[in-house]
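Inspection log for the structure reproduced underneath, given as C-alpha cells.
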2 protein chains.
Amino acid sequence: MGVVTLKDVAKVAGVSYATVSRALSGSPEIGENTRKRIIKICEEMGYTPNSVARSMVMKRTNIIGLIVTSIDNPFMSEMIAHLEIYARQCGYNLMVCNSSYDPALEKEVFSLLVGRKVDGIIMIPVGSESYDVLKMLTVQIPTVFIGENMMDLPENYVSVDNTTGMQQATEYLYSLGHRNILYLGARDNSMTHKLRVDGYYNACNKLGIEPNVIRNSNPRSSIQVGYELAKAHFKKPFEETAILCAADTLAIGVIQAAYEKGIRIPEDLSLMGFDNITFSALPPISLTTVNQPKLELAVSALDMLLNRIKRPETPHTKTILSPSLVIRNSCRAI
Amino acid sequence: MGVVTLKDVAKVAGVSYATVSRALSGSPEIGENTRKRIIKICEEMGYTPNSVARSMVMKRTNIIGLIVTSIDNPFMSEMIAHLEIYARQCGYNLMVCNSSYDPALEKEVFSLLVGRKVDGIIMIPVGSESYDVLKMLTVQIPTVFIGENMMDLPENYVSVDNTTGMQQATEYLYSLGHRNILYLGARDNSMTHKLRVDGYYNACNKLGIEPNVIRNSNPRSSIQVGYELAKAHFKKPFEETAILCAADTLAIGVIQAAYEKGIRIPEDLSLMGFDNITFSALPPISLTTVNQPKLELAVSALDMLLNRIKRPETPHTKTILSPSLVIRNSCRAI
DNA sequence: AAAAAGACAGAAAACGTTTACGAAAATTTA
DNA sequence: TAAATTTTCGTAAACGTTTTCTGTCTTTTT
C-alpha cells in the first residue's frame, strides 16, 4: 500500500479532492465544519502533501540553491548554518552544493540547480575568472552573491567592506609600532582578495610604509596553504615584525610554520587574520583578526534573494556590511 | 517569454514531445539521426529538463535529505562535504537541515523532508531520547544514521567503534604512566556517548584504575561547554594527571580554561580528544586524539542508503568502522 | 414569498515530464 | 515480391496537486 494522497482522503471523506485541498490550504471558500472534519481525517490517515506535485502546479519549489567553494571551511559552514535556519523560518529549504574552487564545476552545479527549479541561488563564487559565465547564468534565475564584491557587474551581492577592514588592520599594526608589515596570501583571481590587499596598500600609502606582499597562487586559503607559504618564507631571514594574513585559516597555517621554526607569536612576530572564524580564538595564541558578520551576511543575502524572487524586475542591489577589529593576543606593541 | 519546455522544442523540431523526451533520455527506440537533430535544437533553444516534472512521474527526486545536529561543527561539516561530493557523483543532491540538537525540530524536519519526497534520509540523530519517534518515522522512508549506534533498534547505521576507540585512548594514557585519568563530557542521552564512556570504564576496569567522570548535561559538545566544564573543575585542586574528552571540541575548551588558569599542557596535564577534527592539530598544543574516518563514514552511509533505496525490502544493516589513535603532543609520559 | 446574494463544493484543466500502447514505415526474410 | 520483422515515432494516460469556472444550496433582502 502506497502513500496516502489527496484522492484517498477525498474518497474517505466523501468529497471531491478539490475540497480537501482547500481544507488544508486555509482557503476561505469552505465550511468550517467540513474543514475540521477533513483535517481530522487527514491526520488519521497520515496524509502529508506531496511537495513535488505542489511545486509542479505552483511553479515554485521553496528551495534555495546554495553554492559554496568548500562546505568544510569554518567561515562558510558558520554562514551555511545561519542561512539554513533563517531559510527554514522563511519556509525554504537549502540545497547545498560544493564548487570545490573549480569554475567549471561551479557552472555545472549552477545549471543543475536551475534544472531543479530552485526558486533562487545564493553563491560564494570561486573568483573573478568566472564572472563572465556567471553573468550569463544569472539571467536564468534570481541570484545573490555573498562575500565577493562583483564590482562592475550589476549583480546582487552582499559583502563586508574588505578594503576598509584590511586598512584598519594595517593601521592597527602601525599603531602598535610596526613599520615592516608583510601581507600574506594575496590572490589574483578574486575580487575579494584584490579589495583586501587594496586596503593594505591604501594604509601603507597613507602611513608612508613600504608594502610587502606574498601572493598565493592556490585558489584556496587553507591552513595548509598558509603553512606552506610561511614555511617557504621563513627559510631565509625576514625583516618584517608583523604578518597580516588574507584569512584566518592562512594565519593558523603561519602559526604552525612559526612554531616549527621556533618563532614565537607575538613575542618575535605579530600576526593578524581576517574572517574571525570560531577557531581563531584558541589559546595560547588567540588570533587578532577582522570580523565578518556572518549572521548579518546570511540574513541580508536571503532577504535580498527573497525580495528578488518576489519582484524579479527590481533593480540589482548591493549591501556592504562593516567589518570590525577583534583584538586578541597575537599582536604586540614594539 | 518563459522557460523552454519539451513541447516548445517538439514544435520547432516538428515531432511529438515524446520523441524529444526519448532523444534526451538515451532511449533506444529512436533514430540516430533524429536524435542528433533534436539534441542540437535543444542546445540551440537552451532547453533544460524540468526536474520537478520528471520527479512527478518517475516518483523519484534524486535528492537525499541530510539532518545534522549542527552544520558548523567541524566534524559534521567535513562529513557533509564528503557526502555532498560523493552524492553528486552518484547523481544525487543534498538537502541539508539543522536539528540544532532539538528532538522536536529533528522530528519536524524529518517529516518536512518526507513531504518533499526525498529519496532517502541520512541523519546524525540528536540522541537516544528520540529513538522512539525516529523508529516511527523511518518506516516512511529509507534512512541511515551516522555516528549514533542505534543498538537494539534494527535501523541502518554506520558508526565508528566508539567503545574500542575510547578504550584505546585510555590504555594509551595508561601506557604513558597515567593512573588518574579524568573523563570529561559524558552525556546521558546519547548512545554514542554512552559507548564512549563504556570504553573508558572497560579500560579502567581492566587496568585496575579508578574511573572519574564529569558529565555534560548540555546536548552539545562544543568548545564553550568544554571550557565551562573545565573552568568549574579547575576551581578546586584536582588529582588527575590526564583528561580524556568525549570530543575534540570539548578538549579545545579545556585548553582554553587550562590556559587561563596557568595550567600547562602537556607539562602539568595531559589531554586527549576524540574525532580528530581539522582544528585539533593546531600548535603549539596539537591534540592527541582518536580519529573518526569521516570520508569512509560518509561513503558507507551513502552506499548503504542507495542500496536500501534500490532494494527497500533488504534487511537492515550496520557498519562499524575502526577508529585509530592519532598521537600528537598533548600528552606526556610521567 | 419571490428574488437576489452569498456560501460552499464539484468538475476539469493545467503544470512538464515519462512511458505503455499502437500504428506506420523501413527493413529483412522467404 | 509478399510476408514477417524490426525500427521509429505519435497518442494518450499518468503522476498529485492548485485553481478557475460553474452550479447548487442557503441565507438574506425586499
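Letters A, B, ... are given to chains in the order of the sequence lines, protein chains preceding strands, and every chain is numbered from 1.
Geometrically, A:Lys7 engages A:Tyr17 in a cation-pi contact defined by less than 6.0 Å to the ring centre and at most 45° from the axis.
A side-chain N or O of A:Thr61 and one of A:Asp119 form a donor-acceptor pair less than 3.5 Å apart. Side-chain polar atoms of B:Arg37 and B:Asn33 form no donor-acceptor pair below 3.5 angstrom. Checking A:Arg54 against A:Asn50 by side-chain atom types alone, no donor-acceptor pair falls below 3.5 Å. A side-chain donor-acceptor contact under 3.5 Å links A:Arg116 and B:Asn93.
One can place CZ of B:Arg60 at 13 Å from C1' of C:dT17, the figure rounded to the nearest angstrom. In this structure, the CD atom of B:Glu32 is 18 Å from the P atom of C:dA26, given to the nearest Å. Between A:Leu6 atom CG and C:dA11 atom P there is a gap of 15 Å when expressed in whole angstrom units. What separates NZ of B:Lys11 from P of D:dC9 is a distance of 20 Å, to the nearest Å. Atom CD1 in B:Ile30 sits roughly 20 Å away from atom P in C:dA24 (whole-Å rounding). The distance between atom NZ of A:Lys117 and atom P of C:dG16, rounded to the nearest whole Å, is 9 Å. D:dG10 atom C1' lies 12 Å from atom CD1 of B:Ile38, rounded to whole Å.
When distances are taken from the side chain of A:Arg54 to each of D:dA13, D:dT11, D:dT17, the shortest belongs to D:dT17. Proximity note for B:Met56 (side chain, C-beta onward) versus C:dG10, D:dC15, D:dT17: the nearest is D:dC15. Nearest nucleotide to the side chain of B:Thr34, out of C:dT17, C:dC15, D:dC9: D:dC9. Nearest nucleotide to the side chain of B:Thr5, out of C:dG10, C:dG16, D:dG16: C:dG16. Residue A:Thr19 places its side chain closer to C:dA9 than to any other of C:dT18, C:dA9, D:dT18. Proximity note for B:Met58 (side chain, C-beta onward) versus C:dT19, D:dT18, D:dC15: the nearest is C:dT19. The side chain of B:Arg22 lies closest to D:dC9 when the candidates are C:dA9, C:dT17, D:dC9.
Applying the 4.0 Å criterion to OP1 and OP2 of D:dC15, one finds that A:Tyr17 has every side-chain N and O outside that range. Phosphate contact (OP1/OP2 of D:dT17, side-chain N/O of A:Lys7, threshold under 4.0 Å): absent. Phosphate contact (OP1/OP2 of C:dA14, side-chain N/O of A:Lys59, threshold under 4.0 Å): absent.
Separating the CE atom in B:Met45 from the NZ atom in B:Lys11 is a distance of 9.0 Å, to the nearest 0.5 Å.
Residue contacts shown for A:Ser21 include a base, since a base heavy atom lies under 4.0 Å away. Nucleic acid contact for A:Val52: none, since no nucleic acid atom lies under 4.0 Å from a heavy atom of the residue.
Of the residues near DNA chain D, B:Asn33 and A:Ser25, the one whose nearest nucleotide (by heavy atom distance) lies more toward the 5' end is B:Asn33. DNA chain D is contacted by both B:Val57 and B:Gly31; B:Gly31 maps to the nucleotide lying nearer its 5′ end (nearest heavy atom per residue).
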